[in-house]
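A quick write-up on the structure given underneath.
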Amino acid sequence: FRSKAFRHGTSVSLVMREFLALVMPPDHSPAETQQSRALLTWAIEHLALETVSIGVDPSHIKAAKEQATTSVLHAPSPFGACEAFRRFADLVSQQMASAFSQREHKIVFAVSQVVEERGAAQITIQHLADAVHLSSGHLSRVFRRTVGMTLEQFLILQRVELAKRALLDPRLNVAEVAERCGFCNPAYFASVFKKYVNCTPREFASQPKRWEPLGASPRLGWPTDAAS
């Protein structure tokens with residue numbers, strides 16, 4: 001349920017309602033009730049396998065799966081069986097959400113390491129996607145969901161940080177800094193720089209301490225031990 005909701009952009013509760021409406025027997029005949037319980041136990045097994053496949057510790061799921069299966073098979077009514085399944089699905093949803101969050105933070109951390117190792121000046125989103133073995137579209141969605149900014153914005157910010165340092169070198173003019181830091185032309189560089197630093201490149205070069213202090217690259221929303 002959780003993975004289906006992520007893939008199709010629907011809520012977990014909506015998917016749950018659709019499934020329970022499907023398995024709830026139209027009457028309480030023994031045959032209908034038995035079929036309903038069989039579907040629910042199959043769904044429990046399927047959810048457990050899917051949850052483990054994305055990295056959730058199997059020991060966290062096994063006991064809950066066994067308890068949910070027993071509750072479904074021995075519930076006094078179809079409604080009770082559905083409620084037992086709902087409780088298991090809620091637990092699985094929480095476990096999957098945690099697993100997805102941890103995995104996505106690791107992806108973002110890996111991206112930051114690639115940028116640091118290769119430099120932000122010439123690296124592209126496709127280069128980053130190839131490095132972490134994802135499509136560029138999927139990587140961009142993961143990055144924005146995790147960090148709160150687009151991957152393109154992050155790369156621009158990194159290039160601005162490079163430019164701030166390069167502008168302190170009196171041997172370089174603005175055009176040379178723009179080229180070294182990955183901007184397509186000096187005019188675009190000046191526009192982007194002013195947007196993020198609140199001054200032109202020339203103004204920053206002449207009085208760097210007056211403007212935004214030269215510091216570390218913008219921090220992202222990952223824990224420092226994200227790679228562990």
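When a residue number appears, it is its place in the shown sequence, counting from 1.
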Exercise: identify the closest heavy-atom pair between A84 and S71: CB-CB, 3.6 Å
Heavy-atom closest contact (R118 atom, H127 atom, distance): NH1-O, 4.2 Å
Residues F143, M149; criterion side chain to side chain contact (heavy atoms under 4.5 Å, CB included); working and verdict: CA-CA 7 Å; F143 194 92; M149 74 172 75; 4.1 Å; yes
Atom pair CD (E176) and CZ (R171), whose distance is rounded to the nearest 0.5 Å: 10.5 Å
Positive for side-chain contact (heavy atoms from CB on, under 4.5 Å) with V111, one of L151, V142, L134, I125: L151
Steps toward side-chain hydrogen bond (donor to acceptor under 3.5 Å, both in side chains) verdict (S135, H138): CA-CA 5 Å; S135 70; H138 181 55; 5.6 Å; no
Contacts of type salt bridge (charged side-chain N to carboxylate O under 4.0 Å, His left out), residue E83, not counting sequence neighbours: R86
Cluster link L73 to W42, ILVMFWY, side chain under 4.5 Å: no
Chi angles and distances behind the side chain to side chain contact (heavy atoms under 4.5 Å, CB included) call for Q158, I123: CA-CA 11 Å; Q158 299 305 303; I123 202 164; over 6 Å; no
By salt bridge (charged side-chain N to carboxylate O under 4.0 Å, His left out) - contacts of E66 (at least two apart): none
Gap between atom CG of L47 and atom CD1 of I61 - 0.5 Å precision: 9.0 Å
Test item: side-chain donor near acceptor, Q126 and D130, under 3.5 Å: yes
Interatomic spacing from CZ in R141 to OG1 in T146 - rounded to 0.5 Å: 12.5 Å
Nearest heavy-atom neighbours spanning V72 and A81: CG2-O, 3.5 Å
Pairwise distance CD1(I156) to NZ(K195) - rounded to 0.5 angstrom: 7.0 Å
Contacts of type salt bridge (charged side-chain N to carboxylate O under 4.0 Å, His left out), residue R37, not counting sequence neighbours: none
Full working for side chain to side chain contact (heavy atoms under 4.5 Å, CB included) between F204 and T200: CA-CA 6 Å; F204 184 87; T200 67; over 6 Å; no
Reported CD-to-OG1 distance for the pair E45 and T41, which is rounded to 0.5 angstrom: 9.0 Å
Point-to-point distance, once rounded to the nearest 0.5 Å, from CZ of R165 to CG of L172: 14.5 Å
ILVMFWY cluster, F88 and M24 together (side-chain gap under 4.5 Å): no
Within the 6.0 Å centroid threshold, strictly below: F193 and F183: no
